[in-house]
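What follows is a set of notes on a single structure, which appears directly below.
In what follows, chains are A, B, ... by sequence order, proteins preceding strands, each numbered from 1.
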There are 2 protein chains.
Amino acid sequence: MGPSMVNRGCIIRLSRYRNALIRLKALNFVKVFSENLADAARVTAVQVRKDFSLFGISGNRRGGYLIDELIKQISAILGKDKVQKFIIVGIGNIGRALLNYPGFRKSEIEIVAGFDSNPAKFDRGALVPILPVEEMGAFVSANGITFGIISVPDTAAQEVLERMLEAGIKGVLNFAPICLKEPKDCVVRNLNLETELENIIYFTNFAEQAERE
Amino acid sequence: MGPSMVNRGCIIRLSRYRNALIRLKALNFVKVFSENLADAARVTAVQVRKDFSLFGISGNRRGGYLIDELIKQISAILGKDKVQKFIIVGIGNIGRALLNYPGFRKSEIEIVAGFDSNPAKFDRGALVPILPVEEMGAFVSANGITFGIISVPDTAAQEVLERMLEAGIKGVLNFAPICLKEPKDCVVRNLNLETELENIIYFTNFAEQAERE
DNA sequence: TAGATTGTTAATCGATTAACAATC
DNA sequence: TAGATTGTTAATCGATTAACAATC
């Protein structure tokens, strides 16, 4: 039997631990204590050890964890042991930014193609080609793509998701400002930038108000 | 006494309810049941009513909620009753995409200036000017800015946050791939795009594996 | 050995859900 | 009135934290 389901927060923390570990390694550190990783990820040391224990990652009592080992193990969990290919549908502001985001290249995430409905955006010759959205299904099959990003306007998002499902995409990050339903055999995460800002606004106002009282 | 603290999830849901309500209003709907909003936000009807009750929002037993009233009340909570001004520090891929993001304009969120350390990016004459980061403090004071977005490389993020704090910024959305500590009197939310994709990758792989077993 | 750290089990806390009371 | 829906209180569930056992 595989490992049991862990929650979203846990996976986000693993990603943060990994980022911190890579920085520590760059500083020539070899070992790390749970306390250090906790500081880096803004959590408690117990949380770090608990997260690790869920994945059977163990260190040395008294000696902490070996950074190289940790990176290797967390990387395997997060799927960083091979290149993960994504396509993007919707080459507007956000779509284009992600297409060119340099942070992905050095981290086993590869955006392999963009798709749009506007012919003015097509660019078959580019390093990352931009193609008509009608070609998405064939491209996904031909290249064995598993993951997609949606960055179209809200009115087009549901249709794009359905096209992706037909094409065989199994995991989607949706930036369109509409909450897409998670289909039976595909993971969908809705990330709304306006909502993120509203969150900041609310909690900032709340804190200010609490202060005044 | 003000309302007690609610959790992040609740505010995200309010934002989703609001988006759904605006779409319903555009379709000339006047009333809505908790069941409908639940569908739109991918939660349960009880969750909707519970969220509303936390903010003293009430409807009509048997008659549901008036859409106009709901939008007004949720908008007030999310700070959409006035324009909220943001600055962005770091005009790279993500920074520039946010600067030009059309979704913000129509929703009381205004990006009023960008800042960068690279003179090649300065553009004082633009509709949204791009200025040297040294000028940020003065700009924030002069224009009464409360909110900031960080989209610089990880190595610069902490320093930018400190500059923002000095300038009097009270709420920050951080896109730099490093987890910034929340200071005493400022709200900070860390949003890492690579982490979001890693999340999709993990849960997709997990689901595929579970299926095979 | 003594001390420091990991790793696990049990307790706590907070959020969601269920049950049901209120009422239009 | 009967039926449908809201709104609230209590129960459940899941995640985090505390306590402590294990051990290098």
Side-chain angles (χ1 to χ4, degrees), chain A residues 3-17 20-21 24 29-71 73-74 77 179 182 199 202-203 206, chain B residues 3-17 20-21 24 29-71 73-74 77 179 182 199 202-203 206:
Chain A
S4 69
M5 185 80 160
V6 301
N7 64 19
R8 214 179 100 70
C10 178
I11 300 301
I12 289 177
R13 290 192 297 272
L14 284 187
S15 174
R16 288 185 179 163
Y17 302 151
L21 288 164
L24 288 173
F29 280 71
V30 173
K31 287 179 179 180
V32 68
F33 296 130
S34 56
E35 194 69 48
N36 310 131
L37 283 177
D39 289 345
R42 315 300 174 188
V43 295
T44 64
V46 180
Q47 181 77 273
V48 173
R49 297 198 298 274
K50 179 82 182 188
D51 287 340
F52 286 177
S53 88
L54 291 174
F55 290 96
I57 295 176
S58 58
N60 311 305
R61 301 199 195 231
R62 182 111 177 67
Y65 302 82
L66 288 171
I67 289 176
D68 271 333
E69 283 301 308
L70 269 189
I71 292 177
Q73 290 175 91
I74 298 177
I77 294 165
C179 194
E182 188 154 71
N199 225 260
Y202 175 80
F203 285 107
F206 184 86
Chain B
S4 69
M5 184 80 160
V6 301
N7 66 18
R8 214 179 100 69
C10 178
I11 300 300
I12 289 175
R13 289 192 298 271
L14 285 187
S15 174
R16 287 184 180 165
Y17 301 152
L21 288 165
L24 287 173
F29 280 71
V30 173
K31 288 178 178 180
V32 69
F33 297 130
S34 56
E35 195 67 48
N36 309 132
L37 283 176
D39 289 344
R42 316 299 173 188
V43 296
T44 64
V46 181
Q47 180 77 275
V48 173
R49 297 198 298 272
K50 179 83 182 187
D51 287 340
F52 287 177
S53 87
L54 291 173
F55 291 97
I57 295 174
S58 58
N60 311 304
R61 299 197 195 233
R62 182 105 180 69
Y65 302 82
L66 287 172
I67 290 177
D68 271 333
E69 282 302 308
L70 268 190
I71 292 177
Q73 290 176 90
I74 297 177
I77 293 165
C179 195
E182 188 155 70
N199 225 262
Y202 175 80
F203 286 106
F206 184 86

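Between A:Cys10 and B:Ser34, the residue anchored closer to the 5' end of DNA chain D is B:Ser34, taking for each the nucleotide with the nearest heavy atom.
The nucleotide D:dT12 finds its pairing partner in C:dA15, both defining distances of the Watson-Crick or G-U wobble pair being shorter than 3.5 Å. Partner assigned to D:dC20 is C:dG7, using Watson-Crick or G-U wobble distances below 3.5 angstrom.
At a threshold of 4.0 angstrom between heavy atoms, the contacts of A:Tyr65 are confined to the sugar-phosphate backbone, with no base atom among them. Within 4.0 Å of B:Gly9, counting heavy atoms only, lies no atom of the nucleic acid at all. Nucleic acid contact class of B:Arg13 (heavy atoms, under 4.0 Å, all strands): sugar-phosphate only. In this structure, B:Gly63 reaches neither bases nor backbone, as no heavy-atom distance under 4.0 Å exists between it and the strands shown.
For the pair A:Thr44 (side chain) and A:Gln47 (backbone), a donor-acceptor distance under 3.5 Å is present. A donor-acceptor pair under 3.5 Å is formed between the side chain of B:Arg42 and the backbone N or O of A:Cys179.
Distance check, rounded to the nearest 0.5 Å: CD1 of B:Ile77 to CZ of B:Phe55 gives 5.0 Å. In this structure, B:Asn36 CG and B:Tyr17 OH are separated by 12.5 Å, a value rounded to the nearest 0.5 Å.
Between B:Leu37 and B:Phe52, the closest heavy-atom pair is CD1-CZ, 3.8 Å. In plain terms, the two heavy atoms of A:Tyr65 and A:Arg49 that are nearest each other are OH-CG, 3.6 Å.
Taking a heavy-atom distance under 4.0 Å as the criterion, the stretch of DNA chain D touched by chain A extends 5' to 3' from D:dA15 to D:dC24.
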